[in-house]
Amino acid sequence: MQKGDFGGGSWQEILDFPLQGRLQKPRRQGLTMVIDKGMGLAQVQDLLRVAAPYIDFIKLGFGTSVFYPADILKEKISMVRSYGVDIFPGGTFLEVAVLQGKLELYLKTAREMGYTFVEVSDGTITMSPEVRRQAIHHALELGLGVISEVGKKDPRDRVEETAILEQIRQDLQDGAYKVIVEGRESGKGVVIYDDAGAIKWDELEAMAAGIERLEDIIWEAPLKQQQQELILRFGPNVNLGNVHPQDVLALEALRVGLRGDTLRATLRAAIS
């Protein structure tokens, strides 16, 4: 059986993961993206020292990047990268750059600051297909990876499922590494979630059926119940985003059956 990597301690000689198959880094699926809403350098270092093996991306949410002194931001980005974790600014920041006609300067500055990826989204603004494609291509030309995002932040701006699926296909064709399905930091009232944060299963299944490779999708899932249900539906290597820093190890425990909710599911499967 697969042994769990419990950080090199004696536990790994004793216990097996109840839920098998979890991929270790480097990996292209089973990704965990953490949302950082303003952690200081000491907080980030503590997180990385404990949990870097379980984190693939850190997103500096929204437009928070602008509030760091430049030297602190560069140090933070460099620290994250030194632990083998990719880092990118939130998509809203890019949307403002598009509104102000400063997309090219924004991308160049992101590269100069040391970001390894950028997020291309139109969760709040209306972005033409040409500008979206230009943003992806120009970022790639600068050596930045691209993660795009589909879906609107306000339920009143709801996008039809067929349009979302077409945008996913187009973004991947244009070179996006992964596509995020919008869930906001609240996990409520957008795309596959209702106003209470519960998964709308009919919409999830319809969307999943229309996606060629589910490993290309990152489902934003900030709430524990969402994470649990997506793991049980798609397996331990589902890509999950907007995970809160304090929840990284708890999420990893869900992924491998070291938490009661997913352990219970493995026990039921063994009995059946």
What's the separation between atom [atom1] in [X] and atom [atom2] in [Y], rounded to the nearest 0.5 Å?
{"X": "Ile231", "Y": "Leu254", "atom1": "CD1", "atom2": "CG", "answer": "5.0 Å"}
{"X": "Ile87", "Y": "Met79", "atom1": "CD1", "atom2": "CE", "answer": "10.0 Å"}
{"X": "Ile168", "Y": "Glu166", "atom1": "CD1", "atom2": "CD", "answer": "10.0 Å"}
{"X": "Ser148", "Y": "Asp122", "atom1": "OG", "atom2": "CG", "answer": "9.5 Å"}
{"X": "Leu47", "Y": "Tyr83", "atom1": "CG", "atom2": "OH", "answer": "10.0 Å"}
{"X": "Arg213", "Y": "Gln29", "atom1": "CZ", "atom2": "CD", "answer": "9.5 Å"}

Quick test of your reading of the model: are Asp194 and Lys188 salt-bridged, counting only N-O distances below 4.0 Å?
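Looking at Lys188 together with Asp194, the answer is no, because their closest N to O distance does not fall below 4.0 Å.
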Shared ILVMFWY cluster between [X] and [Y], side chains joined below 4.5 angstrom?
{"X": "Ile136", "Y": "Phe117", "result": "no"}
{"X": "Tyr68", "Y": "Ile58", "result": "yes"}
{"X": "Val159", "Y": "Ile199", "result": "yes"}
{"X": "Val181", "Y": "Trp201", "result": "yes"}
{"X": "Met207", "Y": "Ile217", "result": "yes"}

Using every non-hydrogen atom in the two residues, find where [X] and [Y] come nearest and quote the distance to one decimal.
{"X": "Lys153", "Y": "Thr124", "answer": "CD-OG1, 3.7 Å"}
{"X": "Ser121", "Y": "Thr92", "answer": "OG-N, 4.2 Å"}
{"X": "Arg27", "Y": "Leu23", "answer": "NH1-O, 2.9 Å"}
{"X": "Leu73", "Y": "Met113", "answer": "CD2-SD, 4.0 Å"}
{"X": "Ala139", "Y": "Val146", "answer": "CB-CG2, 3.6 Å"}
{"X": "Lys25", "Y": "Pro53", "answer": "CD-O, 3.1 Å"}

So does [Y] get a backbone contact from the side chain of [X], meaning a donor-acceptor N/O pair under 3.5 Å?
{"X": "Gln227", "Y": "Glu229", "answer": "no"}
{"X": "Glu119", "Y": "Pro89", "answer": "no"}
{"X": "Thr109", "Y": "Leu105", "answer": "yes"}

Do other residues, nucleotides or ligands put more than 12 heavy atoms under 6.0 Å from [X] [atom1]?
{"X": "Lys102", "atom1": "NZ", "value": "no"}
{"X": "Glu212", "atom1": "CD", "value": "no"}
{"X": "Asp202", "atom1": "CG", "value": "no"}

Please evaluate residues Ile147 and Val120 with respect to the criterion side chain to side chain contact (heavy atoms under 4.5 Å, CB included), reporting the C-alpha separation (whole Å), side-chain torsions for both, the decisive distance (0.1 Å), and the verdict.
CA-CA 6 Å; Ile147 294 179; Val120 175; over 6 Å; no
Does a donor on one side chain sit under 3.5 Å from an acceptor on the other, for [X] and [Y]?
{"X": "Ser65", "Y": "Tyr115", "answer": "yes"}
{"X": "Arg133", "Y": "Ser128", "answer": "no"}
{"X": "Arg22", "Y": "Asn237", "answer": "yes"}

Check Lys178, Gln167, Glu220 against Glu149 for a side chain to side chain contact (heavy atoms under 4.5 Å, CB included) and give me the one that passes.
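Only one of Lys178, Gln167, Glu220 forms a side chain to side chain contact (heavy atoms under 4.5 Å, CB included) with Glu149, namely Glu220.
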Checking Trp219 against Gln226 for the side chain to side chain contact (heavy atoms under 4.5 Å, CB included) test, could you report, in this order, the C-alpha distance in whole Å, the side-chain angles of both residues, the deciding distance, and whether it holds?
CA-CA 10 Å; Trp219 307 94; Gln226 297 166 352; over 6 Å; no
One pair to check against salt bridge (charged side-chain N to carboxylate O under 4.0 Å, His left out): Lys224 and Asp261. What are the steps and the verdict?
CA-CA 10 Å; Lys224 178 255 184 180; Asp261 309 275; 2.9 Å; yes
Answer yes or no: is there a side-chain heavy-atom contact under 4.5 Å between [X] and [Y]?
{"X": "Phe234", "Y": "Leu214", "result": "yes"}
{"X": "Lys37", "Y": "Leu60", "result": "no"}
{"X": "Leu107", "Y": "Glu141", "result": "no"}
{"X": "Met39", "Y": "Thr64", "result": "no"}
{"X": "Leu249", "Y": "Val50", "result": "yes"}
{"X": "Leu258", "Y": "Leu263", "result": "no"}
{"X": "Ile164", "Y": "Val191", "result": "yes"}
{"X": "Asn239", "Y": "Met33", "result": "no"}

Look at the rings of Phe57 and Tyr177 and say which category their plane angle falls in: under 30° parallel, 30 to 60° tilted, over 60° perpendicular.
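If you compare the ring of Phe57 with that of Tyr177, the planes turn out tilted.
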Going by the angle between their ring planes, with limits at 30° and 60°, are Tyr106 and Phe93 parallel, tilted or perpendicular?
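Taking Phe93 first and then Tyr106, their aromatic rings stand perpendicular (interplane angle over 60°).
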Side chain to side chain contact (heavy atoms under 4.5 Å, CB included) between Leu204 and Leu230, worked out:
CA-CA 10 Å; Leu204 173 65; Leu230 289 168; 4.0 Å; yes
Please assess Leu240 against Ile218 for the test side chain to side chain contact (heavy atoms under 4.5 Å, CB included), listing each intermediate value before the final yes or no.
CA-CA 5 Å; Leu240 298 175; Ile218 299 176; 5.8 Å; no
Apply salt bridge (charged side-chain N to carboxylate O under 4.0 Å, His left out) to Lys108 and Glu104, showing your working.
CA-CA 6 Å; Lys108 288 181 178 178; Glu104 185 174 348; 3.3 Å; yes
Out of Lys59, His244, Gln43, Lys76, which one pairs with Asp36 under the side-chain hydrogen bond (donor to acceptor under 3.5 Å, both in side chains) rule?
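Only one of Lys59, His244, Gln43, Lys76 forms a side-chain hydrogen bond (donor to acceptor under 3.5 Å, both in side chains) with Asp36, namely Lys76.
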Steps toward side chain to side chain donor-acceptor pair (under 3.5 Å) verdict (Glu130, Gln134)
CA-CA 6 Å; Glu130 294 77 15; Gln134 176 189 358; over 6 Å; no
